[in-house]
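Notes to accompany the following structure.
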Amino acid sequence: MDKRWILILVILIIGLGSMYYIVDHSNTVGSAITTFSKTTITIPDDFSVGDSGNDHVELYNKKNSEKITIKDNGKGNTASKTLKKLSEDYGNNDYDNITNNTERINKQKVYNLYLTNDNGTEQISVFYRQNHTYTAIFENFKNDGNIEKNLKFIIETMTPDYKQGKD
C-alpha cells in the first residue's frame, strides 16, 4: 500500500473527529436561534418562540407553563436604574416579598429581583451586555435551579446579529 493512502486516512480521521467535537460542543450548531433587536440568542432546550418583536422575544416551554421574556432596553448601561424602577413598580403590586441581589454569571454582572406571592416566585434579571441593557423575566418556574441554568445559557449564547447595522 502506498504511503499516501495512509496520510489520506489519517487526515480523514482527524477531520471527522474534529467535526464531531464541534457539533457535540457547540451551542448553536443543531440548536434553534432567534433574533430580536440587534441580538441573536440560542433558545434553551424545551423552549420555543412565542411572540417576537423589534425589542423583545417571548419563549415558552413546550412541556409546562414556564415563560421567559427577554427585552432589549436600548443602548447604554442602565441596568441598576432599570432594576430600581422595576422594584418600585412591582412594590406597588400584590407581592408578599420582594428581594434583590447581584451576581456574576460568566463575568457578567446580573441584577436579580425576586417577587413572591401566592402563585409562586418570579425572577426578573437585568444585565448589560454588548453595549445594551437587557431585562429577562422568568415566570411560572417551580425550580430556581432551572431559572439559573436558563439565564446562564441565554447570557452565554447571546451574540450581536451581524446582519443588522451597527449601533
Side-chain angles (χ1 to χ4, degrees), residues 1-80 82-83 101-112 122-167:
M1 188 171 186
D2 195 4
K3 290 183 181 181
R4 289 180 284 181
W5 282 104
I6 294 172
L7 183 61
I8 291 171
L9 286 174
V10 168
I11 292 172
L12 182 67
I13 290 170
I14 291 172
L16 290 173
S18 298
M19 286 191 297
Y20 173 77
Y21 180 80
I22 289 169
V23 168
D24 194 42
H25 292 85
S26 175
N27 286 331
T28 57
V29 175
S31 298
I33 62 171
T34 187
T35 302
F36 67 100
S37 185
K38 295 184 182 275
T39 306
T40 300
I41 63 166
T42 303
I43 300 172
D45 291 336
D46 298 328
F47 280 86
S48 60
V49 177
D51 181 30
S52 181
N54 288 339
D55 65 344
H56 74 282
V57 65
E58 291 181 359
L59 307 174
Y60 295 94
N61 193 325
K62 297 177 242 178
K63 295 181 179 178
N64 53 39
S65 63
E66 296 174 349
K67 177 182 167 186
I68 303 172
T69 304
I70 306 167
K71 184 175 188 270
D72 183 353
N73 297 328
K75 286 181 70 171
N77 188 356
T78 60
S80 60
T82 303
L83 182 76
N101 74 349
T102 304
E103 64 180 327
R104 289 213 175 264
I105 297 177
N106 199 22
K107 298 180 182 178
Q108 186 73 48
K109 194 174 198 179
V110 179
Y111 301 96
N112 294 314
E122 293 181 15
Q123 178 176 327
I124 300 174
S125 299
V126 183
F127 54 93
Y128 176 71
R129 183 156 173 94
Q130 301 160 355
N131 203 24
H132 283 254
T133 301
Y134 295 94
T135 303
I137 303 170
F138 297 87
E139 300 175 75
N140 302 323
F141 278 79
K142 303 295 182 212
N143 184 354
D144 291 341
N146 286 342
I147 293 175
E148 294 301 319
K149 180 183 79 165
N150 288 321
L151 178 61
K152 182 178 179 187
F153 184 79
I154 288 169
I155 290 174
E156 287 176 350
T157 62
M158 189 175 274
T159 59
D161 183 9
Y162 296 108
K163 296 177 188 173
Q164 306 269 339
K166 291 185 178 182
D167 287 333

(message) Taking Gly76's backbone N and O only, do any of them form a donor-acceptor pair with Thr133's side chain (distance below 3.5 Å, no angle check)?
(response)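 The answer is yes, because a donor-acceptor pair under 3.5 Å joins these two groups.
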
(request) Not counting sequence neighbours, which residues clear side chain to side chain donor-acceptor pair (under 3.5 Å) with Tyr60? List them please. (result)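 Partners of Tyr60 by the side chain to side chain donor-acceptor pair (under 3.5 Å) criterion, ordered by chain and then number, come out as Glu58.
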
(message) Among residues at least two apart in sequence or on other chains, which ones pass side chain to side chain donor-acceptor pair (under 3.5 Å) with Thr69?
(response)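 Partners of Thr69 by the side chain to side chain donor-acceptor pair (under 3.5 Å) criterion come out as none, since no residue qualifies.
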
Taking all non-hydrogen atoms of both residues into account, name the closest pair between [X] and [Y] and its distance.
| X | Y | result |
| --- | --- | --- |
| Phe127 | Leu151 | CE2-CD1, 4.2 Å |
| Asn140 | Ser65 | ND2-O, 3.0 Å |
| Thr157 | Thr42 | OG1-N, 3.4 Å |

(message) I'd like to know if the side chain of Asn112 pairs up with that of Ser125 as donor and acceptor (distance under 3.5 Å, no hydrogens or angles considered).
(response)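 Their side chains do contain a donor-acceptor pair, which is all the 3.5 Å distance test asks for.
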
(request) Would you tell me whether Tyr134 and Ser37 have side-chain atoms, one donor and one acceptor, within less than 3.5 Å of each other? (result)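 Tyr134 vs Ser37: no donor-acceptor pair found between side chains.
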
Going by salt bridge (Lys or Arg N to Asp or Glu O under 4.0 Å), name the residues that satisfy it together with [X], two or more places apart in sequence or in a different chain.
| X | value |
| --- | --- |
| Glu148 | none |
| Lys107 | none |
| Arg104 | none |

Just how far is it from atom [atom1] of [X] to atom [atom2] of [Y], taken to the nearest 0.5 Å?
| X | Y | atom1 | atom2 | result |
| --- | --- | --- | --- | --- |
| Phe153 | Met158 | CZ | CE | 11.5 Å |
| Asn106 | Ile154 | CG | CD1 | 13.5 Å |
| Asn77 | Arg129 | CG | CZ | 13.5 Å |

(message) Just to verify, what does Phe141 make a ring pair (Phe, Tyr, Trp, His ring centres under 6.0 Å) with, not counting sequence neighbours?
(response)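 Scan of Phe141 (ring pair (Phe, Tyr, Trp, His ring centres under 6.0 Å), adjacent residues dropped) gives Phe138.
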
(message) Which residue is it: Ile70, Leu83, Ile124, Asp72? I am looking for the one with a side-chain contact (heavy atoms from CB on, under 4.5 Å) to Thr135.
(response) Ile124

(message) So Glu66 and Asn146, do their side chains get closer than 4.5 Å, heavy atoms only?
(response)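 Yes, at least one pair of side-chain atoms sits under 4.5 Å.
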
